[in-house]
Structure formats: structure tokens, C-alpha cells
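Report on the structure given below.
One-based numbering, in listed order, for ligands and for the atoms of each. Keep in mind it's a predicted model, so treat the numbers as computed, not measured. By convention here, the first residue in the shown sequence is residue 1.
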Amino acid sequence: MITIKNLVKSFGSQTVLQGIDLTVSEKEVVVIIGASGSGKSTLLRCINFLEMFDEGEILIQDRRIFPKETNLNKVREEVGMVFQHFNLFPHKNVLENIIEAPVHVKKVDKAQATEKALQLLEKVGLRDKANAYPENLSGGQKQRVAIARALAMEPRIMLFDEPTSALDPELVGEVLQVMKQLAKEGMTMVVVTHEMGFAREVADRVVFMGDGKILEEGSPKQFFTNPQHDKARQFLNRVL
Ligand code: ADP
Ligand code: MG
């Protein structure tokens with residue numbers, strides 16, 4: 001589904017991604033972990049072309065994306081993204097938030113988009129909040145709306161950038177539960193998270209980043225029980 005070859009990205013004189021190679025297969029759940037500043041968000045943003053890279057290639061479903069030639073909105077329809085800070089439209093209610101992109105970007109008929117949105121709200125357990133405004137929702141509810149909103153575009157791949165990091169601890173579980181369900185249904189997912197329990201339980205593969213590189217990758221079992229890289233061991237000692 002995703003092939004990344006020798007991805008290099010600098011901000012000014014700082015090289016943040018130093019040659020990343022990564023492939024993600026259909027229905028695979030890849031969890032990316034690593035210390036703050038290691039380049040995880042930048043990598044996800046590159047996959048979604050919210051950030052332009054300096055060298056390397058990204059292929060989505062075997063198609064190399066050339067940012068200047070490809071319609072990036074089409075790519076973003078196929079690659080949904082959920083952020084740490086929900087980014088809901090504050091002046092739109094939940095339903096309007098969800099149908100905005102399908103109706104205005106994808107030109108889906110409004111009644112059809114609404115029906116789909118209600119199904120998605122059911123799926124994330126928020127059918128009764130369709131008419132609520134974001135300010136009246138908890139963080140966990142907002143994030144579940146953000147997930148429904150991303151799913152409304154019917155993406156083939158979902159990227160999550162620390163989706164539970166801004167939540168009060170008691171609200172983390174409800175969001176992870178929705179993500180776990182999505183994984184079970186076969187969604188291809190790349191998840192940056194500090195939730196090691198989720199990584200252990202849901203990931204097919206764990207990727208450990210440090211200093212803009214992939215320092216180690218493997219099954220959760222391998223990685224958590226027998227990390228090879230010094231930095232991975234130090235990281236696990238800090239977070240577990
Ligand atoms: P992570 O998500 O692993 O914490 P990031 O990808 O956010 O790491 O950041 C990696 C490095 O790139 C950090 O040193 C950060 O300060 C820097 N960085 C990220 N975005 C920008 C930007 N837009 N401009 C300049 N530096 C940035
Ligand atoms: Mg980040």
C-alpha cells in the first residue's frame with residue numbers, strides 16, 4: 001500500500017529524516033514509536049504530502065507520487081489522517097464536520113453523505129451527538145468524531161499522529177477501542193503513539209525511530225521482549 005524509499009527531509013540546516021525506507025502492506029498495522037523530535041510526525045506528514053520532502057520516493061498503491069504533477073487532494077482522499085489536536089471546525093456541528101469534505105471535495109450528494117456520516121457516528125459510538133458542537137464534546141468524543149470524519153472520505157490508508165496524547169487518561173481507552181476495531185476490520189494503518197499496550201496488542205509491526213532514522217523494526221513480541229538497539233532499550237526503559 002505504501003512504499004517509502006530513501007526519504008530525506010531537512011528544515012533549514014537540520015536533517016530531520018535521514019533516509020527512511022519503509023513499506024506498509026495492505027491491512028497491516030504499523031506502529032511508529034520513538035522519542036520526541038525523532039521525526040515521526042514529519043514522516044507521517046510526508047506520507048500525506050502535507051510536507052514536501054527533499055529526496056526519495058513515496059509510492060501509494062504502487063503509484064509513485066510526484067507532488068508537482070499529481071493531484072494531492074486525490075492522494076489525501078486515499079490517505080486519511082488523524083492528528084493529536086482533533087482540528088474539528090468549531091462553528092460546524094458534528095454532522096457538518098463529517099460531511100464537509102465528502103460534499104465539497106468529493107462532490108458526494110449531501111443526503112448520501114449524511115447517511116454515511118450517521119453510520120460512521122454509530123460506528124464510533126456517537127450517533128446521539130450528530131447535532132452537537134465540538135465545544136460541547138469531551139476530548140475523547142472529539143477525537144472519535146475526527147476519526148469518523150477521516151473515514152467519511154473512504155480512505156484506503158489511515159495515518160494517526162499521537163491521537164490520544166492530548167486526552168485525559170480516562171478518555172484514552174475509548175479512542176484506542178475505535179482504532180482497534182478499525183484494525184480488526186482490515187484497515188491499513190500507520191500509527192504514531194506512546195501507548196505501548198496498543199502497540200503490543202494491535203501492531204503487526206513496530207518501527208522504532210531515532211535521530212531521523214529507523215533504528216529497529218520487528219514484531220511487537222520481538223521488539224518489546226528483545227530490543228536490539230541501545231536507543232530502543234533506553235526508550236523502553238523510560239516508557240514501560
Ligand atoms: P516527532 O513527531 O518525532 O516528535 P517531528 O517530526 O515533529 O518529531 O520533528 C522532528 C524535528 O523536526 C524536530 O527537531 C522539530 O523541531 C523539527 N521540525 C518539525 N517541523 C518543523 C518545521 N515546520 N520547521 C522547522 N523544524 C521543524
Ligand atoms: Mg510528533
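If you check the side chains of E185 and Q181, you find a donor sitting under 3.5 Å from an acceptor. With hydrogens and angles left out, the side-chain atoms of T15 and S10 include a donor and acceptor closer than 3.5 Å.
Scanning for salt bridge (charged side-chain N to carboxylate O under 4.0 Å, His left out) contacts around E77 gives K74, with sequence neighbours left out.
Looking only at distances, a side-chain donor or acceptor of D204 sits under 3.5 Å from a matching main-chain atom of V29.
I157 is connected to V207 through a chain of hydrophobic side-chain contacts under 4.5 Å among Ile, Leu, Val, Met, Phe, Trp and Tyr, so both are in one cluster.
Among the atoms of S41, an N, O or S atom falls under 2.8 Å from the Mg ion (ligand 2).
None of Q61, R63, R156 except one satisfies the side-chain hydrogen bond (donor to acceptor under 3.5 Å, both in side chains) rule with E78; the exception is Q61.
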Table of N or O contacts for ligand 1, cutoff 3.5 Å:
residue  : atom   : partner : partner atom : Å
ligand 1 : 2 (O)  : S41     : N            : 2.9
ligand 1 : 2 (O)  : S41     : OG           : 2.8
ligand 1 : 3 (O)  : S38     : N            : 3.2
ligand 1 : 3 (O)  : S38     : OG           : 3.4
ligand 1 : 3 (O)  : G39     : N            : 3.0
ligand 1 : 3 (O)  : K40     : N            : 2.9
ligand 1 : 3 (O)  : K40     : NZ           : 2.8
ligand 1 : 4 (O)  : G37     : N            : 2.7
ligand 1 : 6 (O)  : T42     : N            : 2.9
ligand 1 : 6 (O)  : T42     : OG1          : 2.5
ligand 1 : 8 (O)  : G39     : N            : 3.2
ligand 1 : 14 (O) : Q14     : NE2          : 2.9

